[in-house]
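Notes to accompany the following structure.
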Number of protein chains: 2
Amino acid sequence: MPTSRLDPIDRKILAELQADGRMTNVELAKRVGISAPPCLRRVRTLEEAGFIRGYHAKVDSRELGFEVQVFAMVGLQSQAEVDLSKFEQRCRDWPLVRECHMLNGEVDFILKCVAPDLSTFQSFLTEQLTAAENVASVKTSLVIRCAKDEPGVPFSVMEERLNRTA
Amino acid sequence: MPTSRLDPIDRKILAELQADGRMTNVELAKRVGISAPPCLRRVRTLEEAGFIRGYHAKVDSRELGFEVQVFAMVGLQSQAEVDLSKFEQRCRDWPLVRECHMLNGEVDFILKCVAPDLSTFQSFLTEQLTAAENVASVKTSLVIRCAKDEPGVPFSVMEERLNRTA
DNA sequence: CGGCTACGCGAAATAATATTGCGCACGGAA
DNA sequence: TTCCGTGCGCAATATTATTTCGCGTAGCCG
């Protein structure tokens, strides 16, 4: 990572790959306005520098039989770092928990969970999550429908911001 | 879609592509145990049938200068379908809002927002979100840190479930 | 001002991969 | 048994990825 700062071409690459992670390198090169070899080099550099954390196919949960999505707000009894870490590790071990974010405010964590059906989730909720050590309170909300689910960051906002300071 | 049901090979394909969306087709074919051409045919079929909704590079928000992630709980004044749809459309138009889920319970929507800094988010919050038509209440929580962020669904759970009924 | 170095680009060559066309085998229905 | 429909693998071709190489430019010292 020579210059940690990204130039406009790097940002364009990231934006394109965020929108379509399976784009071929030649197509990507065409879109960002350079030839294929330097484009590939940039992509590799961005991957190694950690700007790109991976590539994933987005699968349709409901189509696959995962009918239930739930947000769970969790409060802990102890917020000591050791206990926070323990709870986070437990979340990593639960496959139904897809995301675990520590929050400020009255609630300590928000969890995004996915399950095949309500009974599977209920079992998890009562037998695992609520029953877990140090868990003081759990409030769950079922997702009725999803109006927007965009991955990553809004590059449009980033460009606006850079133009302002430039 | 001849048989809407997926066979074990299809599920393996989905699991592999969810874990690594840029895997080459020959590597994928090797892992699922068939040759490349039928593997590619299956992938195309899965894409067209909507099981695969797209491919995305996962970018590191903070590394890119998006320091702030916020969950916003939104309550509306009217829950009539027309008004719900209007609010959802507004969320789609706001680039800072990456996800918008309608919930059951006391809160109507949960929004996941990303912003370059706190002041950008505050401006959005006060001038756009809170000020929007039909919005009754907004409660926000800053993300302190993220312990887990897995995309998609847990295929391990799916396999367990299928084995149980089989 | 001249020359040195570092960096990034593009062209061409090569290796790997994607994609197409075809023939074969299996399993269900007439 | 015979006839399809479905899905596989093999082989050939088209595309793409990747490496190698030489060129031009910007920054930097002597």
Self-check item: D:dT18 phosphate, OP1 or OP2, under 4.0 Å from A:R44 side-chain N/O
Solution: yes
Quiz item: Could B:E81 and B:K86 be called an ion pair, given the rule that one side-chain N must be under 4.0 Å from one carboxylate O?
Solution: no
Exercise. When you get a sec, tell me which of D:dC8, C:dC9, C:dG21 is the closest nucleotide to the side chain of B:P37?
Key: C:dG21
Quiz item: Would you say the side chains of B:Q89 and B:S85 form a donor-acceptor pair under 3.5 Å?
Solution: no
Exercise. Provide, to the nearest angstrom, the distance between the CD1 atom belonging to A:I34 and the P atom belonging to D:dA17.
Key: 13 Å
Exercise. Would you classify A:S35 as touching base, sugar-phosphate or nothing, given that sugar-phosphate means primed atoms plus P, OP1 and OP2, and contacts are heavy atoms under 4.0 Å?
Key: base
Self-check item: Value in whole Å for how far the P atom of D:dT13 lies from CG of B:L40
Solution: 19 Å
Practice problem: Return the value, rounded to whole Å, for the distance between atom CG of B:D10 and atom C1' of D:dT6. | Solution: 13 Å
Self-check item: Rounded distance (Å) that lies between atom C1' of D:dT15 and atom CG of B:N25
Solution: 14 Å
Quiz item: To the nearest angstrom, how far is A:K30 atom NZ from C:dC9 atom P?
Solution: 18 Å
Exercise. Among B:D7, B:L46, B:L6, find the one that has a side chain to side chain contact (heavy atoms under 4.5 Å, CB included) with B:I13.
Key: B:L46
Quiz item: With sugar-phosphate meaning primed atoms plus P, OP1 and OP2, does A:R42 contact a base, only sugar-phosphate, or nothing at under 4.0 Å between heavy atoms?
Solution: sugar-phosphate
Practice problem: Report yes if a side-chain nitrogen or oxygen of B:R41 is closer than 4.0 Å to either non-bridging phosphate oxygen (OP1 or OP2) of D:dT6; otherwise report no. | Solution: no
Exercise. May I ask you to check whether A:Q79 and A:D83 show a side-chain donor-acceptor distance below 3.5 Å?
Key: no
Quiz prompt | Length of the line joining B:D7:CG and D:dC8:P, which is rounded to integer Å | solution = 8 Å
Quiz item: Which of these nucleotides, D:dC8, D:dT18, D:dT16, is closest to any side-chain atom of A:V26?
Solution: D:dT16
